[in-house]
Chemist: 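Okay, handing you the structure first.
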Amino acid sequence: MVHAAIVKQLKDLVGSQNVFDNKADRVTYAYDAAVLEPQLPAVVVRPENSEVLGRVVALCNREGLPLTVRGAGTNLSGGAIPQQGGVVLLTNGLNRILEINSEDMYAVVQPGVITAQLAAAVEAKGLFYPPDPGSQAVSTLGGNVAENAGGLRGLKYGVTADYVMGLRFYDVEGNLIKTGSRTVKCATGYNLKALMIGSEGTLGVLDEITLKLIPPPRARKSMLAVFDQMERASQTVAAIIAHHIVPATLEFLDNFTIRAVEDFSHAGLPVEAAAILLVEVDGHPGQVAEEGEQVEAILKQMGAKDIQVARDDAQRDRIWAARRSALSALAKLKPTVVLEDATVPRSKIPAMVHALQGIARRFDLAIGTFGHAGDGNLHPTILTDKRDKGEWQRVEAAIEAIFDEALALGGTLSGEHGTGLAKAGFLKKETGQGAILLSRRIKSALDPNRILNPGKIIGD
Amino acid sequence: MADMHALVRLMREVEDQLASCMRCGMCQSVCPLYAATGREADVARGKLALLDGLLREMFDRPDSVRERLDRCLLCGSCQAGCPSGVRVMDIFIKARAILAGFSGLSFSQKMIFKGMLAHPALFDQLTFWSSRFQKLLTRPINEMLGTSCARVMSPLIGDRHFKPLADRPFHHEVPFLDTPAGRSGRKVAFFVGCLLDKIFPKVAGDVVTVLEKAGVGQLIPQGQACCGIPALSAGDTQTFQKLLRHNLERFPVDDFDYLVTACATCTSTIRKLWPLMAEKEDTSTRRRVARIAEKTLDISQFLVDEHLLTDVPSVGRASKPTEVTYHDPCHLKKSLGVSAQPRTVLNAIEGIRFVEMEGADQCCGMGGSFNIKYYEISREIGERKRKAIQASRCSVVATSCPACMMQISDVLSRGGDPIRVRHVVELLAERWKDNDNYPSAH
Ligand SMILES: Cc1cc2nc3c(=O)[nH]c(=O)nc-3n(C[C@H](O)[C@H](O)[C@H](O)COP(=O)(O)OP(=O)(O)OC[C@H]3O[C@@H](n4cnc5c(N)ncnc54)[C@H](O)[C@@H]3O)c2cc1C
Ligand code: SF4
Ligand code: SF4
């Protein structure tokens, strides 16, 4: 438990208005978006400047207090759930965009900046920050880097890691560490930056992030294709890539999801369709026109029953509305929503989708699947009610089956949501014991008192 | 105080609804309060987690939860954007009632709700006499906005620039009205509401004018009461039920085609909260409430949906159009999805050029009693609205809710901005009236 004396020190550091130790406040920092048990922290602190951030970290280390950093708390693998009795460190007091450099095309931000707010600020300057997790309206860039978040544009534009040029972070002793730079290339020193990306707050606390910006595409074209066979839809994904066309987004909805979206939004989707593909190509106008035609031809050739091509922005919005409302539509069906992100090599999508249908039947569960077909990252979404104990046991078994299936197909446990608490127990299946032991050695070298987000990724 | 188990039993009523929150956190992006404070206890997800904590008996006293639950604008932004479709407002209203029933109302709440609001005639008298006295205590500060401030320090008023009580409330001007359906073939009941009656009687008068000009028959029953939202949001269901019954008697549902209001809050309360809270009434009462709710429309919505705007006269004189922007009251847009119609009305008024402001549907920060209890935060949220209004470069900001009008007048008045705050219906009525004075060209 945290002593009153420590609470007082924290208050001296960040100001008493930025320390919450009342139980009612602590209860609201006990969870994140993962379906896991909440854990009550002892105290919550919100530093408002970089220097104080470092001092809070050092204080926790000195006192041996478990420390969990929290951005927006949208994590889906339990990474932002604190240790019982530990400290939650909020980054929303560190939310300034420090620089947007149009000449050299980069931005420097504090970790608590909201993803969509940076994207909008960058767009206002005629530039583009592509990573767009579905949570971007609330997620923070610190959280994005710590999870290596991806999004709809991952296929062509990559994920957060592809945009991190440099980082400043505090090590557990409160030393400020700089890694990477503002240059496009940087080969200096160990690649500590790479170590920090996706480390989920277990190795250090991010303080400043330098992100690469790119020129926005000048044109884009979206289309929606309807398939009456699952196989056909997934083969089409492979066919598009095989033609060396890399769409900006290539998304997929299965029949269950289509029906849910249609019930919910009456957008006029074909409820009989086995699957829908949504494709958007972007880039130079000439290239977009050409690739758009090619994609359309491939879709026809692969037997798409119906193809809608957006002629203007309004039609484009209508096409994307279907994808955007997928999670909402599913979420409204049942109280508990388990959103997984097992990922397979693209060519294995048909097999994975097939397996998921089998798993739904085997465990008698409602599973809707949608996701980033272009990069093999599917979101099987299990709909349930956690209070139904019997069903919940089947859900847990189904989750394990999904992981096993993805790994058997040469895939990975998580395409973008991270390992956190939820998948820590399964990590060995993917990486083997050697990788875990090495990771633990790194962890104990960097965090000897094991205070940084304990239990996450590599377990205790 | 009774024991926590009793409270938990009562809370079971909202348990199913609570379970549907998946803790995704998406409500953070739309909550005006969270934007101002960044505290998870201020956003829907945190409040729902607290109620969940009560259910799990994590607290030995409900006070701290109640306090945090009360810190909310009840603006419904979270509900409107929630991917899971959590009925956040229903949960908050019910939970407030349960908690208030459990640990009681404060002395001042009892005074206000049970002592005054529950007795409409007494409430009318009290506010009438207050309007006589207020001049002694306050002084006008902004003529254009018609705001005042306190002459002497007063804990309730602070340094607000508020709209004073009108000299004569609307029900003194028009105590009763019953006119037959005119050329429109429609007859509506007009639910005036406290703020219109006591602070903006002119707007209420304008509603009457507009309905008259549109050839609509009107029923304004004598002695109508408050819609009940102040009591309900404080958890005082008793007073609420009393007001509901009182109003049901005054508004015989078979006698009109629609019930119109010019107050977004009244509209949303009658449409959504009356049926929600009537769940435990007898069948015939429930049916009456359901029918009234169905018939209740915002005035712009009524005029547009019933195609009654065709007769708005055009301007005869050549004049530079007035640039007008519009603020969406949360209770209209987020609760009822009504946002196009008020704009249609503005666009139909010749002489007005409608300009959309950035974030038109962002809450103004009023939130009823929230403004009284948390004035500083309310003002901070209002400041954002003020900036958006300024940026539109309009000389008039229109809206459809008297509560929003008060809050926006306060922030503009303190900022000394030369921008008028008007109800949509006022602008429409003026066009029509204006036309009586200046014969149009056609
Ligand atoms: C509706 C919904 C849709 C989503 N869609 C996507 C998607 O499309 N793609 C995707 O990749 N993810 C998605 N996610 C998951 C989640 O939004 C991402 O993981 C996001 O990056 C988390 O950001 P956050 O600010 O909420 O971080 P949090 O959840 O607060 O934290 C996430 C992790 O990062 C650590 N952390 C946060 N800030 C720091 C810091 N400054 N220093 C060190 N560690 C830190 C935390 O300790 C925790 O382990 C979605 C989530 C939801 C609820
Ligand atoms: S948006 Fe809805 S489901 Fe998500 S946390 Fe808020 S209330 Fe819960
Ligand atoms: S009702 Fe408004 S203030 Fe209250 S939690 Fe929802 S969005 Fe926030």
Side-chain angles (χ1 to χ4, degrees), chain A residues 17-18 20 22-36 38 40 44 46 48 70-76 80-81 88 90-93 95 112 114-117 134-140 264 324-339 385-387, chain B residues 12 15-31 34-71 77-87 358-359 376:
Chain A
Q17 76 285 3
N18 284 322
F20 309 128
N22 184 299
K23 184 165 181 190
D25 287 315
R26 292 183 284 125
V27 165
T28 66
Y29 294 103
Y31 50 79
D32 61 13
V35 189
L36 294 168
L40 196 63
V44 180
R46 174 163 63 184
E48 286 182 338
R70 182 184 182 90
T74 63
N75 185 238
L76 286 164
I81 298 179
V88 168
L90 304 179
T91 60
N92 69 0
N95 57 2
I114 290 166
T115 316
Q117 288 179 1
S135 51
Q136 62 174 332
V138 292
S139 76
T140 65
F264 160 69
R324 271 197 296 270
S325 58
L327 179 60
S328 313
L330 291 172
K332 289 195 170 77
L333 300 178
K334 283 287 195 92
T336 311
V337 180
V338 181
L339 183 67
D385 185 339
K386 210 181 165 184
R387 294 168 298 176
Chain B
R12 296 260 179 255
E15 189 186 3
D16 273 343
Q17 269 298 307
L18 273 181
S20 59
C21 169
M22 59 173 170
R23 304 272 186 272
C24 68
M26 298 306 280
C27 40
Q28 283 175 15
S29 68
V30 290
C31 175
Y34 183 82
T37 68
R39 288 174 70 153
E40 182 87 10
D42 285 339
V43 75
R45 176 170 68 166
K47 291 183 163 68
L48 296 172
L50 282 166
L51 292 173
D52 193 56
L54 265 190
L55 260 177
R56 294 171 179 232
E57 306 193 37
M58 281 180 68
F59 298 94
D60 39 19
R61 290 164 62 89
D63 314 20
S64 56
V65 173
R66 184 176 174 196
E67 217 179 282
R68 284 161 183 77
L69 193 64
D70 282 351
R71 234 172 98 103
S77 306
C78 46
Q79 173 166 324
C82 171
S84 245
V86 181
R87 300 213 314 262
E358 186 86 17
E376 286 309 313

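Quick note on labels: first sequence line is chain A, next is B, and so on, each numbered from 1. These values consider heavy atoms only, across backbone and side chains, with no hydrogens, waters or symmetry-generated copies. Quantities reported herein were computed from a predicted structural model and do not represent experimental measurements.
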Chemist: Let me know if A:N92 has heavy atoms under 4.5 Å from chain B in its side chain, its backbone, both or neither.
Modeler: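 Contact with chain B is through the side chain of A:N92 alone.
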Chemist: Test B:R71 against B:R68 for side chain to side chain contact (heavy atoms under 4.5 Å, CB included), laying out the working first.
Modeler: CA-CA 5 Å; B:R71 234 172 98 103; B:R68 284 161 183 77; 5.5 Å; no
Chemist: Answer with side chain, backbone, both or neither: which region of B:R56 has an atom nearer than 4.5 Å to a non-hydrogen atom of chain A?
Modeler: side chain
Chemist: Is B:C27 in contact with chain A via its backbone, its side chain, both, or neither, using a 4.5 Å heavy-atom distance?
Modeler: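 B:C27 has no heavy atom closer than 4.5 Å to chain A.
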Chemist: Can you confirm whether A:T28 sits close enough to B:K47 that some side-chain heavy atom of one is under 4.5 Å from a side-chain heavy atom of the other?
Modeler: no
Chemist: Contact part of A:R70 toward chain B, heavy-atom cut-off under 4.5 Å: side chain, backbone, both or neither?
Modeler: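 For A:R70, side-chain heavy atoms alone lie under 4.5 Å from chain B.
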Chemist: Is a side-chain N or O of A:K23 found less than 3.5 angstrom from the main chain of A:L40, in a donor-acceptor match?
Modeler: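 No; judged by distance alone, with no hydrogens or angles, the pair does not exist.
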Chemist: By a 4.5 Å heavy-atom criterion (distance strictly below it), what part of B:D16 contacts chain A: side chain, backbone, both, or neither?
Modeler: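 Its backbone and side chain both get close to chain A.
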Chemist: Could you tell me whether the side chain of B:E67 reaches within less than 4.5 Å of the side chain of A:N22, counting heavy atoms only?
Modeler: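 Not touching, per the 4.5 Å side-chain cut-off.
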Chemist: Where on A:F20 is there a heavy atom nearer than 4.5 Å to chain B: the side chain, the backbone, both, or neither?
Modeler: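 The side chain, not the backbone.
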Chemist: Chain B: which of A:A72, A:S139, A:P38, A:A116 shares the most heavy-atom pairs with it under 4.5 Å?
Modeler: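 Most pairs with chain B among the choices: A:A72.
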Chemist: Tell me which of these, B:M26, B:Q17, B:R45, has more heavy-atom pairs under 4.5 Å with chain A than the rest.
Modeler: B:R45
